[in-house]
Amino acid sequence: MKKMLKLILVMASSLIIIWSDADVQNIQVHAVVPEEMTPLVKSKANQKIAYLTFDDGPSLNTMEILNILDRYHVKATFFVKGNEEPYAKRGYQEMISRGHSIALHSYTHDYSIIYRSTESFFQDLNRLETMLQEEYGIKSRIVRLPGGSNNRLRHQASTKPIINGILQQLKEKGYIYFDWSIDSTDGFSPSIREQQIITAVQKGTKNQKHVNILLHDINSMKNTVKALPDIIEFLKKEGYTFDTIDETTPKMQFN
């Protein structure tokens with residue numbers, strides 16, 4: 001279905017192009033979906049879809065997470081960091097070969113670096129992009145900010161303009177940033193119990209058709225791995241299908 005939707009969008013974007021001869025810089029492109037294809041586009045909106053997203057990997061847990069996803073025939077989105085360790089290199093490769101989506105998080109995940117200024121954020125992000133492209137052939141315009149777009153620094157007078165500037169420039173540069181609709185709470189501490197993670201996801205799905213679930217792929221977060229099978233089984237029982245995030249995915253943003 002995802003490939004079909006991409007095909008539809010490409011076809012639609014070439015149907016009607018209107019521009020002003022007086023000012024070629026103000027070209028406007030209007031895509032129209034043919035009437036016979038409308039049900040295909042709308043069907044995704046009517047489905048119950050779960051987006052499993054894992055931040056901060058690859059880690060020593062990545063292979064076990066991937067094996068669980070394989071067991072249940074589920075694809076996920078990994079918002080990755082920069083990591084040059086041998087286990088991480090294998091993690092990137094296995095994410096790709098098993099058909100998962102790799103998106104951008106940050107290279108360092110160090111708040112003192114990435115949120116020092118708007119320029120610092122993009123230097124760090126570009127470093128990650130360069131590594132992924134040169135070493136693994138990965139290109140992505142999908143971003144998740146460390147801490148999310150409404151993180152604590154956005155509520156401090158000194159750093160609020162920096163975060164707002166980052167969000168504005170992401171849009172201007174053609175990136176799409178995604179937050180989440182369900183926080184599994186697994187990132188709070190390694191001591192968060194397996195059942196607490198499962199319960200947080202279960203409660204978050206109430207009356208929700210599309211759920212974007214925040215999980216973590218971190219060395220110390222062993223309970224995420226333990227909770228994952230129960231989370232997937234619950235979502236399947238509730239009638240959710242699973243999808244990965246790309247440019248056609250409905251945006252999930254805190255603001």
Original post:
Is Ser117 reaching over with its side chain to a backbone N or O of Ser120, donor-acceptor style, under 3.5 angstrom?
Top reply: yes

Original post:
When rounded to the nearest 0.5 angstrom, what is the spacing between CG in Asn67 and CD in Glu94?
Top reply: 8.5 Å

Subject >> Check: Thr77 and Thr249 side chains under 4.5 Å, non-hydrogen atoms >> reply: no

Subject >> Short side-chain to backbone donor-acceptor contact, Thr244 and Ser101, under 3.5 Å >> reply: no

Subject >> Main-chain N/O of Leu215 paired with Asp186 side-chain donor or acceptor, under 3.5 Å >> reply: no

Subject >> Main-chain N/O of Asp55 paired to His216 side chain as donor or acceptor, under 3.5 Å >> reply: no

Subject >> Closest non-hydrogen atom pair between Pro190 and Asn223, with its separation >> reply: O-ND2, 3.8 Å

**OP:** Report yes or no: do Asp183 and Thr185 form a side-chain donor-acceptor pair below 3.5 Å?
**Re:** no

**OP:** Taking the side chain as every heavy atom from C-beta outward, state whether Ile213 and Leu235 have any atom pair closer than 4.5 Å.
**Re:** yes

Subject >> Close side-chain approach of Phe79 and Ile245, heavy atoms under 4.5 Å >> reply: yes

Original post:
Does some side-chain heavy atom of Asn150 sit less than 4.5 Å from a side-chain heavy atom of His155?
Top reply: yes

**OP:** Mark yes or no for whether Asp56, through its side chain, and Asp217, through its backbone, hold a donor-acceptor pair below 3.5 Å.
**Re:** no

Subject >> Side-chain touch Gln47/Ile49, heavy atoms, less than 4.5 angstrom >> reply: yes

Original post:
Apart from Ile113 itself, what residues make up its hydrophobic cluster when side-chain heavy atoms of I, L, V, M, F, W and Y under 4.5 Å apart count as a link, directly or indirectly?
Top reply: none

Subject >> Pairs where residues 113-135 contributes a residue and the test salt bridge (charged side-chain N to carboxylate O under 4.0 Å, His left out) is met, not counting sequence neighbours >> reply: Glu129-Arg141

Original post:
Who pairs with Ser189 by side-chain contact (heavy atoms from CB on, under 4.5 Å), at least two apart in sequence or on another chain?
Top reply: Ser191, Ile192

Subject >> ILVMFWY cluster, Leu170 and Phe178 together (side-chain gap under 4.5 Å) >> reply: no

Subject >> Parallel, tilted or perpendicular, as decided by the 30° and 60° cut-offs, for the rings of Tyr175 and Phe122 >> reply: tilted

Original post:
How many angstroms lie between atom CZ of Arg90 and atom OH of Tyr87, to the nearest 0.5 angstrom?
Top reply: 13.5 Å

Original post:
Got Ile232 and Leu52 here, is their nearest side-chain heavy-atom distance under 4.5 Å?
Top reply: yes

Original post:
Can you name the nearest heavy-atom pair linking Ser184 to Leu214, along with the distance?
Top reply: OG-O, 2.8 Å

**OP:** Classify the angle between the aromatic ring planes of Tyr115 and Tyr111 as parallel (below 30°), tilted (30 to 60°) or perpendicular (above 60°).
**Re:** perpendicular

Original post:
If we only count heavy atoms from C-beta on, is the Ile102 to Tyr136 side-chain gap below 4.5 Å?
Top reply: no

**OP:** For residues Met95 and Val80, determine if any side-chain heavy atom of one lies less than 4.5 Å from a side-chain heavy atom of the other.
**Re:** yes

Subject >> Side-chain donor or acceptor of Arg154 paired with backbone N/O of Lys160 under 3.5 Å >> reply: no

Original post:
Just wondering, are more than 12 heavy atoms of other shown residues or ligands nearer than 6.0 Å to CD in Glu194?
Top reply: yes

Original post:
Can you find a side-chain donor-acceptor pair between Thr199 and Gln195 that sits under 3.5 Å?
Top reply: yes

**OP:** Please determine, by modelled atom types, if Glu233 and Tyr72 share a side-chain donor-acceptor pair under 3.5 angstrom.
**Re:** yes

Subject >> Donor-acceptor contact below 3.5 Å, side chain Asp179 vs main chain Phe254 >> reply: yes

